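We count ligands from 1, going down the list as the structure has it; atoms in each ligand are counted the same way. All figures in this text were calculated on a predicted structure; none of them were measured in a lab.
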Amino acid sequence: MKILVLNCGSSTVKYQLLEMPAGDVLAKGNVERIGESEGILTHKTADGKKIVLNEVFPTHADGLRRVFDLLKDGVIKDISEIKAVGHRVVHGGEKLTKTCLVTDQIIKDIDDVYPLDPLHVPAHVLGLNVAKELLPGIPNVAVFDTSFHQTIPEYAYLYAIPYDLYTQEHIRRYGAHGTSHQFVARRMAQLLGKDIKDLNIITCHLGSGSSITAVRGGESVDTSMGLTPLEGLCMGTRCGDIDPAVLTYLGRTKGLNADQLDELINKKSGLLGLSQKSNDCRVLEEGVEQGDPASIRAMNVFNYRIVKYIGAYAMVLGRVDAIVFTAGIGENSPYVRAEVCKHLGLLGVDIDPEANDCHGKERKLSTPASKVDVWVIPTNEELAIAQQTYELVNA
Ligand code: ADP
């Protein structure tokens, strides 16, 4: 069964066509700069063919139509071979707590989440409507990044602010990267040959955006991101945890307004802000090797926050069976993994430096003496979305 996975942004569409349940990727790519004077479509197929088109894509529908042309050129004979579409939806708010079949009401409910996620909601709604229009009559499934975290208990998702702000404004912790955390936690259980219900796992999704989740018995019980993907770890350009008074202080002393503060903490902070050089972990790692104080400063903050969250979640879980590193940095940075793990002695973590010298591969890092299994597990959000779509349409 061929399933198309779509991830629509404001000017982009990322797509993958998968054969399910095998999970084979038949084609993938992305359309960028939709609505701009020149767009780019990059398309790759399973046989290693790569096509790059520089064309104007006035709308998301125009971009997707072009993708369908490319798919029909060798990957499928007809669009009717696509039997379902799985959509990545970043925020489901409090109402959309589970993967679901998309109806008009669901599109409306996603639209209602707008105040909580103005960045993604319009693009998702657009993507859902375009898929309905271009592929009429086939099921569309929405998979929410927030739904895995709906099991977090009230005392962990509430902020200590007036309760009315939760009941009326829905201000609470929602978390993010849920599809990824769930995917690697399930894979961890498979690799350990155990029922996930019997395991406590800490999953570290470290990419441009980073978050850590405490997973008990297969359910998220706490996660570092909050109302938005800003809270928690130090990220590429996001500040993560910060005393909220820093914002009121800057508002008063520098006259910064809400939009300026938003820009400061989302786009100018994190590794970029601390190093004043780069948001790219690779660049800063090189700097660390060369003894550059700015790179060392930024990476020290980055690594320390991870250690701090793992420590906190070890206490939340009471026992840790496994720690998983995933996403761009988690999968590819032996340096970050080593710096983090060397501070986890209290948990009995011991990793083998040779095993840790790996990039983008599933691998066990911990030694036989380690009290906790430590693994690198590459995430695959598209496959997770395709799996959930397949399960739902076949249920
Ligand atoms: P996102 O999906 O959130 O955009 P990714 O998961 O792709 O992010 O991760 C991007 C990050 O991964 C960047 O900070 C990049 O520096 C880092 N990264 C990629 N490859 C390496 C590497 N070999 N060593 C260290 N960091 C890496």
Protein heavy-atom partner closest to atom 27 (C) of ligand 1 - residue, atom, separation in Å: R282 CG, 3.7 Å
Parallel, tilted or perpendicular: rings of H205 and H177 (30°, 60°): parallel
Minimum side-chain heavy-atom gap R337-L365 below 4.5 Å: yes
Polar contact flag, side-chain donor to acceptor under 3.5 angstrom, N200-Y313: no
Protein heavy atom under 4.0 Å of atom 24 (N) of ligand 1: yes
Closest protein heavy atom to atom 17 (C) of ligand 1, given as residue, atom name and distance to 0.1 Å: I329 CG1, 3.5 Å
Whether G236 lies under 4.0 Å from ligand 1, heavy atom: no
I138 with V67, same ILVMFWY side-chain cluster at under 4.5 Å: yes
Contact (N/O only, under 3.5 Å) between C281 and ligand 1: yes
G328-ligand 1 polar pair, N/O distance under 3.5 Å: yes
Within-cut-off N or O pair, S208 and ligand 1, under 3.5 Å: yes
Distance-only donor-acceptor check, side chains E285 and S333, under 3.5 Å: yes
Close-contact set for ligand 1 against D280 heavy atoms, below 4.0 Å: 15 (C), 16 (O)
Side-chain heavy-atom pair Y15, N7 within 4.5 angstrom cut-off: no
G209: numbered ligand 1 atoms lying under 4.0 Å from its heavy atoms: 3 (O)
Ligand 1 to H205 polar contact by distance, N or O atoms, under 3.5 Å: no
Side-chain donor-acceptor contact under 3.5 Å, E231 with Y159: yes
